Structure formats: C-alpha cells, structure tokens
S.K.: 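Pasting a structure below so you can have a look.
Small disclaimer: the values here were computed from a predicted structure and weren't measured. Numbering of ligands and ligand atoms starts at 1, following listing order. These values consider heavy atoms only, across backbone and side chains, with no hydrogens, waters or symmetry-generated copies.
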Amino acid sequence: MPCAGPNVMSKYNIQKFAVIGAGNMGSGIAQKIATEGFSCVLVDLDDEKVERGMNIIRDLLAQGVERKVFSPKQVEQILANLHGTSDWSELADVDLVVEAVFENLDVKRSVFKRLSENCKETAILGTNTSSFYVKDLASAVTNPERLVGLHYFFHPAKNRLVEVIGHAGTSDEAYLAAWAAQEAIGKTPIWSSDAPGFVVNRYFVPWVNEGVRLLEENVANVATIEWAAKKAFGVGMGPFELMNVTGVPITMHAANTLADALHSFYAPSQALVDFCAGSERNWNLDGPIDESKYDSIADRLLGVTFYVAAQLVDEGVSSIEDTDIGARVGLRWPRGPFDMLNRVGVERARWLAEAVATQYGLALPKLLIDAPAHGLPIELVSSCDAGVATDLRFNSPATMNALDKNVFLQFDSKLQLARATGKAIVLRSTGKAFVAGADIKFFVDSLKANNYPSIAEFAGHGQKIFKMLSGGERAVVARAHGLALGGGAELALACDWIVASPKAAMGFPETGIGIFPGLGGTQRLPRRIGMPLAKYLLYTGHILDAKSALSIGLIDAVAGFSDIDEVCLEWAAKNPAAEREAPTECPDGRWQAVWDFFDSNTVDEILTGEADCMGDAMLEQACKRMGQKSYHALKLCEGLFVEGAHQALERALELEGRDLEVAFLHPDALEGLSALLDGRRPSFAKPAFA
Ligand SMILES: NC(=O)c1ccc[n+]([C@@H]2O[C@H](COP(=O)([O-])OP(=O)(O)OC[C@H]3O[C@@H](n4cnc5c(N)ncnc54)[C@H](O)[C@@H]3O)[C@@H](O)[C@H]2O)c1
C-alpha cells in the first residue's frame, strides 16, 4: 500500500458520491454515505427500481428512529443528502462512484463504459465486486488509473469494513483519495491486492466450508460443530447459522469461485453441494452437543484459518495487520487470525496448518515456516516514510485504538526510530477513532488483583513516551480524525500541533469514571487553553466538537478529509511549539461566562450550590454534570491544577504521576472503571456535605 501520509495536493477532490445499483448493497452504501453528511446520487435501471432502493433506506432509517439511533430530524437530513434517479446525466459532477450492480462481468463492464461517458475524468470509479478481479473492468474505463475496488460487507450501512483494492494500473493518487474518502464516510479501510476473494472472504469462506467438511466426515453433528466453532473463535454464530443467515448457495458460489481461481482446497465440500441440490433452504441447527469433540473441531477450523491467513501474507495480498483488522471489524471476531495464532503458539499453529496443507498436497506458507517461536510481529503502531514526514499510525480500529501496554511498547520504539530520522512526525490512526482512551479492562483487572504497580508502570511508560512528542528539533502533529478521548486527547495534547477533521471530538471523561487524566492532561490542558476552561473540561467531561475545540485553542486547525493531509504537512513544516504558558484571558467571547465561573469558584463552592450560575443554562448543566462525577477525582484534579500551575511542566507532570496512585487506590476508581465496562451508572462515594 502506498504510504497514506501527508501527500501532495490531489486532483481528486471528493465531495459528492454516487452509487450504481440500488439493491441490498447499493442502498446500504448510499445510506451510509448520506448519514455521514455527504451528498449521494443513487442510480438504478429504472425509476421503479430506484424507488425500491430508496424505500429500503427509508424503512431502515425509520427503524433507526424507533430504536432511537436517529432523531426524526437526522433522518430528514440524511434523506435530503440522497437523490435517486435513473438518469445517468446526473452523474456529471460526482467525484466518487461505487458500482454495486449484479455480479455479472458483462453487466459491470457496460456500467463502467457508461460511467466513463457520463462522469468527469477526475471521478474515481469503484467496484463492489466480490468475485471478479478489478483489472477485469479496467479496459471498460477511460483513465483506468482512477479505477479501484471498494469491497464493502453486509450490511454496508452498519459494517464498517471496506477492502480498498488497486489494480496494476491504479495510481497512488487515486488509491489514496479513495482510501481517504472511505475514512470520511466512517468506514475502516484495509488494503488488499487484486486477488481472488480479496482478504476476508479468502479465509472466511474456507472456515465455513471446513465446518461442512467436518459434518461430511462425521466428526460431529451440526449442533456440536456450531457450539465448538463459537467457543473456539468467540463468535456469536457458527458456520451453519451464518450460512442460514446469508443464504447457503452464496457460500457454495463463493467457494467455487475461489477454487476456480486458486486450488481445489477451496472447493465446496460434497455435503454443501448436496445440500444446495436438495429442497431444504436452511440447516437444522438442533441436536445434542458432544463436548468431547471440541478439540477435533477447533483444531481443524483454526488450522484452515492459520493456513489461509499465512498464504494471504505470503502472496502479498494482505498484511498481518490488515488480515486481523478485517476479521475484527468485518466479521466481528474478537481476535484476528494472527492474534489467535500467536496465542495458540507458533509451533502448534504451524502443526495445525500443516495438517490442512498436507491433506491437499499444498506447501506450508513461508510465513509459518519462518515464524519465530515467540510469535509473529503484529504492528499495533506502524510507520511509513511519507517523504517530508514520518507517518506513525495506530492500527487497532476494533478497540478504537485504545492505549495499552503493547501499544506503548511499539509506539515507544517506532517513535524513537522516527525521531532518529530527523524528520517531522504525523500521528494518525485507522478507523473511526483517533485514540478513544486507555485499556479500561487492564485497569480493572489490575485493581482487582491488588496490582497497582502494573498501572503505575503503564502510566509511567506513557508519560515517558508523551514527553518525547514535544521539544524535539522537528514538529510532531496529531492528525485527530474521530474520537480523541481521555488518553487519546492527552496524546494529542502532548504533540506540538493538533490538526483535526470536522468529525473530531475531544474530551476528558476521567472524573466520571473515578480517576483523573494521568498522562499529562491536568498540566498540559491548562497550559494550552487556560486554567478556567481546563477546569470546565475536566470537571464536567464535556466533549467538544472540532469547531468548539478550535475556538478555545485546544486544537490548531480543522481540515476536511480531502485536504487534512496537506494541512498536517503545513503544520509539520513549522517549528515545534515552545513550552506553553497558560493563557490568562478567555480566547472567545462565547466562553466568557464559563471562563469567569470556573475562574472564581472552587469545586466545593460549585457542588454545594454556593456558586451562582446566574440562570445560565450552560453553567447549570455544568454543575449538574459535576454532581455525577467522583468527588474524590474532582478534588484531586483541583489540587493538581493549583499545585502544578506555578511549576515548570516537567515538575508539574511529576506531581500528576505522584497523585495517580491516590486516585487509583480510592474505591471510586474501581467503581467508575467497572461501571464503564458493565455499561451502568457508577455509584461514587458522597462528599461529607452531600
Ligand atoms: N450481498 C452481499 O452480501 C455482498 C457483499 C459484498 C459485495 N457484494 C457485491 O455487491 C454487488 C451488488 O450485490 P447486491 O447483493 O446488492 O445485489 P442486488 O441484486 O440486491 O442489487 C443489484 C442492483 O443493481 C441493479 N442493476 C443491475 N444492472 C444495473 C445496471 N446496468 N445499471 C444500474 N443498476 C443495475 C439492479 O436493478 C439491482 O437493484 C455485487 O457485485 C455483489 O457481488 C454483495
């Protein structure tokens, strides 16, 4: 994949989308694009088919209103972003088209020919094909360097995964623009080469097929295979139930397609062929479960998964990281194939995959032969040379890039290497969040095991790394796309400059979970935005959108997805920020009341009602929110604000580190953190005056 770092100004400026084919996939893709605030034209063969697609969208949105996912006003806005038509001349000004018509090569080629005639030359053309090569469509397209594969997953309005595929003639510029557009519409893109089944279906289809083979070989009945598959992979549905949901013939078709292109290993099992020839539509999932069969089933399913995943990497179809992201985001497996492989242990995984390979006369993938005994390297933080800057990317979209011990270890070493190049650095992330905080489960587990030292070690490591982010010879820029919460907001704050996308959201929810921001938040935040506004944000947990964050100086710039990399580059070229002095005046009149209120009132004055909100709704709301926070955490924050204000940053950060133990060892911490994991409201210790 080309380095997705700050790149030169692109001729592809994507603002308006189109989807061709208003069926199951097309309607969902269009719905997602419109939901993310972009204008989208939905095209089908005739007005009736267009209307059918629009009705699918209307129905789903109405269900969303019932489930309170959307407000009626949001639905109105989403529908206003959509325009259905069968008139192709309306495609003249669209910037990116997704083709989602029948899976028929001639039909698709005729669609691309028509798109070439009706769209401008700088429109990116994408195909959602599942079984053809992208290159098969290139000759039907004028300027085929703008042709990409955009393989979405069902249901495309909900499933975030998209495989972005270039054919040999796709330009880096078009590929990167298509990739950035996927991020803009809330998708999590992964890279795939133009290969049969791309990434996820290549191992998912054999996984399902292996389930049927186990049945065919009388290893176990359907119910037992379902049970063992769910247990071994930690998933909600086994291969048979999944086939029932998606349609059994689809699996057979996908297996045949892979077998035709690759090897008979991928061919549908005879039991699957027989089932499809029969009259039943769905597998009967009922029956007794024989738990003694667990190992023989789990081993086979794991062996197939490890074998194919390693083959994908050997062939350069995908990376270890993207293969895992595909499973976690697209299939909602709790772990990706390589994460599971490392947990099973390389030696055993090799043995399991070898059993599969031997049965089909296949060679064991080189990746498995060469794998070090301690495990395959999985890059939780990846690095690439983007010319003028080094690009460091957090790579765990399924956990919203939460910071944990392993992420810190890799971030530390990648950052040191990046610093050694003498280049500026841009920090970015994969998926919808920049970094949505720290690994809460680790905190809870450590506290329950009376192991605060492991938390101290984690936080100490984070503080050490964050110090490396500023004060260098070249600037470090945080490219904050999506959520930057808690530790993620502190990470951004530790950088010299913060450039955010319009969808960025920043906040510090810690006092609501019984702790305080311990990675510099209590000290860097007041130095950036002034003490009163820092108090407001930490005491209330209020989350700011990009525009508000810019208005108070929390971030340095906001840029839309088509030029955010360019803007990051401009900030990366600036001198690093000097050590900041806390502003003493409110940066924006709209915040003056908040500034004055938090400047003149203590936590106790606010909580006892002594502080006068003067009927200001925003202040009343702030007081109410503070009443729901941990009093202990609020008081610690307040103490640190006062004590740290007159110290050099270095010393102030030491004070923050000192108080972390006091916060974590108070019962509010375990209560607040556990409540977050359990999805319930915490019940904190009340102050004496309450
Ligand atoms: N269904 C899935 O789970 C899934 C997943 C990933 C990719 N895909 C791929 O997405 C594509 C669409 O699949 P689907 O399940 O939405 O199919 P579908 O049959 O539900 O919808 C196809 C739509 O395309 C329209 N169409 C056909 N020819 C057209 C033309 N020449 N111009 C304009 N519209 C035309 C049809 O009228 C229909 O509304 C296929 O390539 C499929 O392989 C499907």
Side-chain angles (χ1 to χ4, degrees), residues 18-33 40-57 59-60 83-91 94 97-119 125-134 136-137 140 147-165 182 187 189-190 192 196-202 204-205 208 237 242-258 261 326 329-332:
V19 176
I20 315 298
N24 291 323
M25 293 300 288
S27 62
I29 298 165
Q31 180 185 328
K32 179 67 178 163
I33 293 168
C40 183
V41 182
L42 181 59
V43 176
D44 209 299
L45 288 168
D46 54 45
D47 289 345
E48 199 184 309
K49 293 193 172 68
V50 171
E51 199 46 27
R52 191 191 56 198
M54 290 295 292
N55 281 335
I56 298 176
I57 298 174
D59 288 350
L60 272 174
H83 171 60
T85 182
S86 55
D87 176 0
W88 290 59
S89 70
E90 296 195 41
L91 297 173
V94 300
V97 184
V98 181
E99 167 277 311
V101 304
F102 299 140
E103 190 70 358
N104 174 304
L105 194 55
D106 289 337
V107 175
K108 284 192 188 285
R109 287 177 62 86
S110 73
V111 165
F112 276 97
K113 200 161 166 295
R114 228 171 145 186
L115 287 173
S116 299
E117 289 158 9
N118 284 279
C119 300
L125 305 181
T127 174
N128 186 38
T129 182
S130 314
S131 55
F132 302 118
Y133 290 100
V134 179
D136 290 344
L137 298 163
L147 173 68
V148 291
L150 293 172
H151 188 232
Y152 298 92
F153 289 75
F154 194 79
H155 188 288
K158 294 177 189 156
N159 193 317
R160 288 186 178 273
L161 190 69
V162 57
E163 294 167 337
V164 183
I165 306 123
Q182 301 315 302
K187 291 284 172 186
I190 60 169
S192 169
F198 308 124
V199 181
V200 171
N201 283 344
R202 176 84 174 262
F204 177 62
V205 173
V208 174
M237 284 190 249
L242 277 164
M243 278 186 276
N244 286 352
V245 171
T246 54
V248 185
I250 288 180
T251 306
M252 189 173 82
H253 175 72
N256 272 323
T257 308
L258 288 173
V329 178
L331 302 176
R332 302 204 172 88

S.K.: Determine whether any heavy atom of Arg52 lies closer than 4.0 Å to an atom of ligand 1.
M.R.: yes
S.K.: For ligand 1 and Thr129, I'd like to know whether there is a polar contact (N/O to N/O, distance under 3.5 Å).
M.R.: no
S.K.: Taking only heavy atoms of Ile20, which atoms of ligand 1 are found under 4.0 Å from at least one of them?
M.R.: 33 (C)
S.K.: Would Asn128 count as being in polar contact with ligand 1, using the rule that some N or O on each side must be under 3.5 angstrom apart?
M.R.: yes
S.K.: When rounded to the nearest 0.5 angstrom, what distance separates NZ in Lys108 from CD1 in Ile20?
M.R.: 11.0 Å
S.K.: State the atoms of ligand 1, each with its element, that fall below the 4.0 Å cut-off from a heavy-atom position in Val111.
M.R.: 30 (C), 31 (N)
S.K.: Is there a donor in the side chain of Asp47 and an acceptor in the side chain of Ser86, or the other way round, less than 3.5 Å apart?
M.R.: yes
S.K.: If you take the centroid of each ring, where Trp contributes its six-membered ring, are Phe153 and His151 closer together than 6.0 Å?
M.R.: yes
S.K.: Counting each atom of ligand 1 from 1 as listed, which ones have a heavy atom of Gly23 under 4.0 Å away?
M.R.: 16 (O), 20 (O), 21 (O), 23 (C), 39 (O)
S.K.: Taking distance alone, with no angle check, do Glu103 and ligand 1 share an N/O pair under 3.5 Å?
M.R.: yes
S.K.: How long is the span from the CG atom in Leu42 to the CE atom in Met54, to the nearest 0.5 Å?
M.R.: 6.5 Å
S.K.: Just how far is it from atom CG of Asn55 to atom CG of Leu60, taken to the nearest 0.5 Å?
M.R.: 11.0 Å
S.K.: Heavy-atom contact check, 4.0 Å cutoff: does His151 meet ligand 1?
M.R.: yes
S.K.: Out of Gly21, Ser86, Ser131, Ala100, who gets a non-hydrogen atom closest to atom 22 (C) of ligand 1?
M.R.: Ala100
S.K.: Heavy-atom distances under 4.0 Å are what count here, so tell me which part of Thr127 touches ligand 1: side chain, backbone, both or neither.
M.R.: neither
S.K.: Please identify which atoms of ligand 1 are closer than 4.0 Å to at least one heavy atom of Lys108.
M.R.: 40 (C), 41 (O)
S.K.: Looking at every non-hydrogen atom in both residues, tell me the closest pair between Pro196 and Tyr133 and how far apart they are.
M.R.: CG-OH, 3.5 Å
S.K.: Applying a heavy-atom cut-off of 4.0 Å, say which part of Ile250 lies close to ligand 1: side chain, backbone, both or neither.
M.R.: neither
S.K.: Which atoms of ligand 1 are found less than 4.0 Å from any heavy atom of Lys49?
M.R.: 37 (O)
S.K.: Decide whether an N or O pair under 3.5 Å exists between Ser130 and ligand 1.
M.R.: yes
S.K.: Would you give the length of the straight line joining atom NZ of Lys113 to atom CG of Leu137, rounded to the nearest 0.5 angstrom?
M.R.: 14.0 Å
S.K.: Nearest protein heavy atom to atom 20 (O) of ligand 1, by residue and atom, and its distance?
M.R.: Asn24 N, 3.0 Å
S.K.: I'd like the name of whichever of Val101, Val50, Val98 reaches closest to atom 11 (C) of ligand 1 through any heavy atom.
M.R.: Val101
S.K.: Measure from the side-chain N and O atoms of Arg202 to the backbone N and O of Leu258, and report whether any donor-acceptor pair falls under 3.5 Å.
M.R.: no
S.K.: Among all protein heavy atoms, pick out the one at the shortest distance from atom 32 (N) of ligand 1; state its residue, atom name and that distance to 0.1 Å.
M.R.: Leu45 CD2, 3.6 Å
S.K.: Give me the residue, atom name and distance of the protein heavy atom closest to atom 1 (N) of ligand 1.
M.R.: Met25 CG, 3.7 Å
S.K.: Atoms of ligand 1 less than 4.0 Å from Phe154 heavy atoms?
M.R.: 3 (O)
S.K.: Would you please say whether a donor-acceptor pair under 3.5 Å links the side chains of Ser89 and Asp87?
M.R.: yes
S.K.: Do NZ/NE/NH1/NH2 and the carboxylate oxygens of Asp46 and Lys49 come within less than 4.0 Å?
M.R.: yes
S.K.: Could you state the interatomic distance from CD1 (Ile57) to CG (Asp59), rounded to the nearest 0.5 Å?
M.R.: 10.0 Å
S.K.: Where do Glu99 and Thr129 come nearest, in terms of heavy atoms and distance?
M.R.: OE1-N, 4.5 Å
S.K.: Nearest 0.5 Å, please: how far is CH2 in Trp88 from CD in Glu117?
M.R.: 9.5 Å
S.K.: Tell me: protein heavy atom nearest atom 39 (O) of ligand 1, and distance?
M.R.: Asp44 OD2, 2.7 Å
S.K.: Nearest protein heavy atom to atom 6 (C) of ligand 1, by residue and atom, and its distance?
M.R.: Tyr152 O, 3.2 Å
S.K.: For ligand 1, is any non-hydrogen atom under 4.0 Å from Phe153's backbone (N, CA, C, O), its side chain (CB onward), both, or neither?
M.R.: neither
